[in-house]
Undergrad: 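Structure provided below as structure tokens; questions to follow.
Letters A, B, ... mirror the listed sequences (proteins, then strands); counts begin at 1.
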2 protein chains.
Amino acid sequence: MTIQNRIARLLSYKHLLNRFKSLGLVRVFSDNIADPLGISASLVRKDFGLFGISGSQKGGYSIEDVLHKINNILGSNEVNRVIIIGVGRIGEALMSYNGFHKDGIKIVAGFDIDVKKIKKTGDVPVKPIEDINEYVKENNISVAIMAVPDIAAQQTLEILKRANIRGILNFTPVKFKSTDDITVNNFNIENELVNLIYFVNNFKKNGKEAKRVSNNI
Amino acid sequence: MTIQNRIARLLSYKHLLNRFKSLGLVRVFSDNIADPLGISASLVRKDFGLFGISGSQKGGYSIEDVLHKINNILGSNEVNRVIIIGVGRIGEALMSYNGFHKDGIKIVAGFDIDVKKIKKTGDVPVKPIEDINEYVKENNISVAIMAVPDIAAQQTLEILKRANIRGILNFTPVKFKSTDDITVNNFNIENELVNLIYFVNNFKKNGKEAKRVSNNI
DNA sequence: TTTTTAATGTTACATGAATAACAACAAAAA
DNA sequence: TTTTTGTTGTTATTCATGTAACATTAAAAA
Ligand SMILES: NC(=O)c1ccc[n+]([C@@H]2O[C@H](COP(=O)([O-])OP(=O)(O)OC[C@H]3O[C@@H](n4cnc5c(N)ncnc54)[C@H](O)[C@@H]3O)[C@@H](O)[C@H]2O)c1
Ligand SMILES: NC(=O)c1ccc[n+]([C@@H]2O[C@H](COP(=O)([O-])OP(=O)(O)OC[C@H]3O[C@@H](n4cnc5c(N)ncnc54)[C@H](O)[C@@H]3O)[C@@H](O)[C@H]2O)c1
């Protein structure tokens with residue numbers, strides 16, 4: 001459950017550098033970044049190299065410069081418009097959350113099948129699901145959050161495909177595979193909890209296995 | 001973003017086998033499991049072997065038997081009691097969610113600093129944060145979900161440590177490192193969205209990179 | 001009873017990702 | 001001006017994880 005991939009690391013670098021910046025720092029060395037994140041300094045330099053981020057041989061990296069470049073890579077310097085399908089408990093929580101803008105993300109509309117949820121006013125409208133094709137086309141949306149009930153997940157996937165959505169953050173426990181047409185990130189809260197409970201129950205405090213897993217059977 | 005680790009795969013096996021079971025199937029071969037998940041059959045057999053799940057040489061694996069063993073390994077045959085700290089938008093959504101029981105998870109209490117949130121009645125009480133030590137001890141709780149505002153995240157971590165909580169599912173964007181004492185699963189919704197947006201913006205439909213990342217700079 | 005078959009369980013290999021090592025070199029010191 | 005220093009950028013190595021290959025063996029077929 002450590003840092004997984006290059007893009008995830010870029011986000012970690014960004015958050016750490018923002019903290020350095022708020023402390024008044026201007027430049028950093030690769031190990032200043034590596035140590036707090038528990039990774040090697042050479043990996044930081046390799047990542048930077050791969051993304052064309054360069055430093056100076058004695059003075060390290062300019063925090064401002066790196067941050068700007070990371071935001072460019074991640075697209076966080078623009079506003080990325082995202083829609084939500086299913087404005088229930090999870091959908092509503094996400095819709096009213098105001099922490100997305102710092103990463104260049106804006107929830108611009110919700111869509112629901114229930115007429116009671118439809119809301120024309122307010123800064124983020126909730127529209128009937130039938131309007132999705134038109135809205136996505138007119139506003140050039142490519143990413144959607146799926147927060148409908150499990151039973152409606154499959155049909156919602158088809159709807160989103162038809163609307164030419166390219167990426168889905170899927171909160172339902174129904175697992176979808178990514179295809180060439182559409183990338184799905186299955187965000188399964190149950191699974192994460194089960195995983196966590198397993199570790200807590202099976203690993204002792206010293207970090208070693210409490211008992212051989214095969215003894216568990 | 002494929003299947004990450006052994007325990008995550010066990011969950012995938014479980015869900016797939018449940019679907020097979022509901023179709024009336026009784027036995028499966030390793031490739032019946034591997035193919036739908038896009039992994040190799042030898043990995044399925046290796047996983048099963050590591051967890052002491054065995055099949056028969058001609059008849060494959062008994063679905064019922066494997067499911068029972070997986071649930072045992074994951075602890076899903078018992079009830080795992082979990083508490084929530086911070087009963088706001090996310091916390092409330094999780095608290096009222098009734099999909100956890102199928103994985104042997106039960107949210108048994110919420111804790112909040114705001115007196116208006118305190119709720120003695122109902123099946124899941126919301127208690128003042130001061131009561132946490134006593135509650136955790138009396139009910140032998142080891143896992144908590146953190147859904148407090150970012151600003152309260154650090155102090156909440158300390159509170160949970162003092163209460164001897166062993167595992168945290170952390171919904172705040174504040175990243176905590178796991179230690180020998182406590183395992184933290186940082187569940188960062190923003191990061192997942194940024195990651196998704198990056199892929200959608202940078203990979204063409206054919207699955208190849210749209211452009212070299214270094215051209216992005 | 002013997003042979004064949006088709007699956008498991010296990011070992012060897014490949015691949016990819018992180019770390020370690022180091023060469024290159026700009027800045028500072030002498 | 002020359003030497004030293006310390007950090008970047010890059011190459012070599014290690015390590016982990018998944019796949020491929022295969023040896024084993026219970027059941028079916030002959
Ligand atoms: N609430 C949680 O804490 C939680 C936890 C884990 C997983 N989930 C999953 O997240 C998903 C949403 O959960 P929730 O608790 O927000 O559900 P919910 O029932 O509160 O909300 C679902 C919303 O989707 C709408 N909807 C139903 N069918 C639709 C359709 N075909 N098209 C568009 N909208 C439709 C409903 O009108 C409702 O507003 C579920 O799949 C659930 O399993 C939720
Ligand atoms: N809402 C979302 O969609 C969303 C999305 C991504 C991340 N998050 C993160 O999840 C966390 C919770 O978000 P939210 O929208 O549910 O917030 P919220 O403000 O709706 O709820 C927070 C709750 O925590 C309680 N609280 C505050 N300080 C506390 C303390 N010291 N101890 C116990 N309880 C305390 C508050 O009384 C409130 O009930 C935040 O860190 C947020 O950044 C939320």
Undergrad: Report the distance from atom CZ of A:R6 to atom P of C:dT19, rounded to the nearest whole Å.
TA: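 In whole Å, C:dT19 P lies 11 Å from A:R6 CZ.
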Undergrad: Mind calculating the distance between CG (B:D47) and P (D:dG18) to the nearest angstrom?
TA: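 Result: 8 Å.
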Undergrad: Using the salt bridge (charged side-chain N to carboxylate O under 4.0 Å, His left out) rule, collect all pairs that involve residues 152-165 of chain A, keeping only residues at least two apart or in two chains.
TA: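 Pairs touching residues 152-165 of chain A that pass the test: none.
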Undergrad: Counting any heavy atom closer than 4.0 Å, what does B:Y61 reach on the DNA or RNA strands: base, sugar-phosphate only, or nothing?
TA: sugar-phosphate
Undergrad: To the nearest Å, how far apart are A:N32 CG and D:dT7 C1'?
TA: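 Computing the A:N32:CG to D:dT7:C1' distance gives 11 Å.
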Undergrad: By salt bridge (charged side-chain N to carboxylate O under 4.0 Å, His left out), which residues pair with B:D35, not counting sequence neighbours?
TA: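 If we apply the salt bridge (charged side-chain N to carboxylate O under 4.0 Å, His left out) test to B:D35, skipping adjacent residues, there are no hits.
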Undergrad: Got a donor-acceptor pair under 3.5 Å from the side chain of A:K46 to the base of D:dT8?
TA: no
Undergrad: Could you give the side-chain donor-acceptor pairs of residues 16-27 of chain A under 3.5 Å, partners two or more places apart or in another chain?
TA:
| residue | atom | partner | partner atom | Å |
| --- | --- | --- | --- | --- |
| A:N18 | ND2 | A:K14 | O | 3.4 |
| A:K21 | NZ | A:E64 | OE1 | 3.4 |
| A:S22 | OG | A:R19 | O | 2.8 |
| A:R27 | NE | A:G59 | O | 2.7 |
| A:R27 | NH2 | A:G60 | O | 3.0 |

Undergrad: Please give, in whole Å, the distance from D:dT8 C1' to A:R27 CZ?
TA: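 To the nearest whole Å, that distance equals 12 Å.
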Undergrad: Is any side-chain N or O of A:R9 closer than 4.0 Å to OP1 or OP2 of C:dA18?
TA: yes
Undergrad: Does a side-chain N or O from B:S30 land closer than 4.0 Å to OP1 or OP2 of C:dT8, or not?
TA: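 Result: yes.
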Undergrad: Would you indicate whether A:K137, at its atom NZ, is surrounded by more than 12 heavy atoms from other residues, nucleotides or ligands within a distance under 6.0 Å?
TA: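 Not buried by this count: 12 neighbours or fewer within 6.0 Å.
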Undergrad: CD1 of B:I33 versus C1' of D:dG18: gap in Å, rounded?
TA: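 Interatomic distance, CD1 of B:I33 to C1' of D:dG18: 17 Å.
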Undergrad: Does the side chain to side chain contact (heavy atoms under 4.5 Å, CB included) test come out yes or no for B:V66 and B:V28, once each step is laid out?
TA: CA-CA 10 Å; B:V66 175; B:V28 283; 6.0 Å; no
Undergrad: Once rounded to the nearest 0.5 Å, what's the spacing between atom CE of B:M146 and atom CD1 of B:I90?
TA: 14.0 Å
Undergrad: Generate the contact string for nucleotides 21-30 of chain D. Rules: B means base contact, S means sugar-phosphate contact only, - means no protein heavy atom under 4.0 Å.
TA: B--BSBB---
Undergrad: Specify whether B:F187 and A:F187 have parallel, tilted or perpendicular ring planes, treating 30° as the upper limit for parallel and 60° as the lower limit for perpendicular.
TA: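 Judged by the thresholds at 30° and 60°, the geometry between B:F187 and A:F187 is parallel.
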Undergrad: Rounded to whole angstroms, how far apart are CG on B:L50 and P on C:dG9?
TA: 12 Å
Undergrad: Write down the distance between CD1 (A:I39) and C1' (D:dC15), rounded to a whole number of angstrom.
TA: 17 Å
Undergrad: With A:R89, which residues qualify under side chain to side chain donor-acceptor pair (under 3.5 Å), at least two apart?
TA: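 Expected list: B:S96.
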Undergrad: With pairs taken as Watson-Crick or G-U wobble and both distances under 3.5 angstrom, which stems of at least three consecutive pairs involve DNA chain D?
TA: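 Counting only runs of 3 or more consecutive pairs, the stems involving DNA chain D are C:1-30 with D:1-30.
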Undergrad: What is the separation between atom CG on A:N5 and atom P on C:dA17, rounded to the nearest whole Å?
TA: 9 Å
Undergrad: Hey, which of A:V136, A:V124, A:I107 is the one that makes side chain to side chain contact (heavy atoms under 4.5 Å, CB included) with A:I83?
TA: A:V136
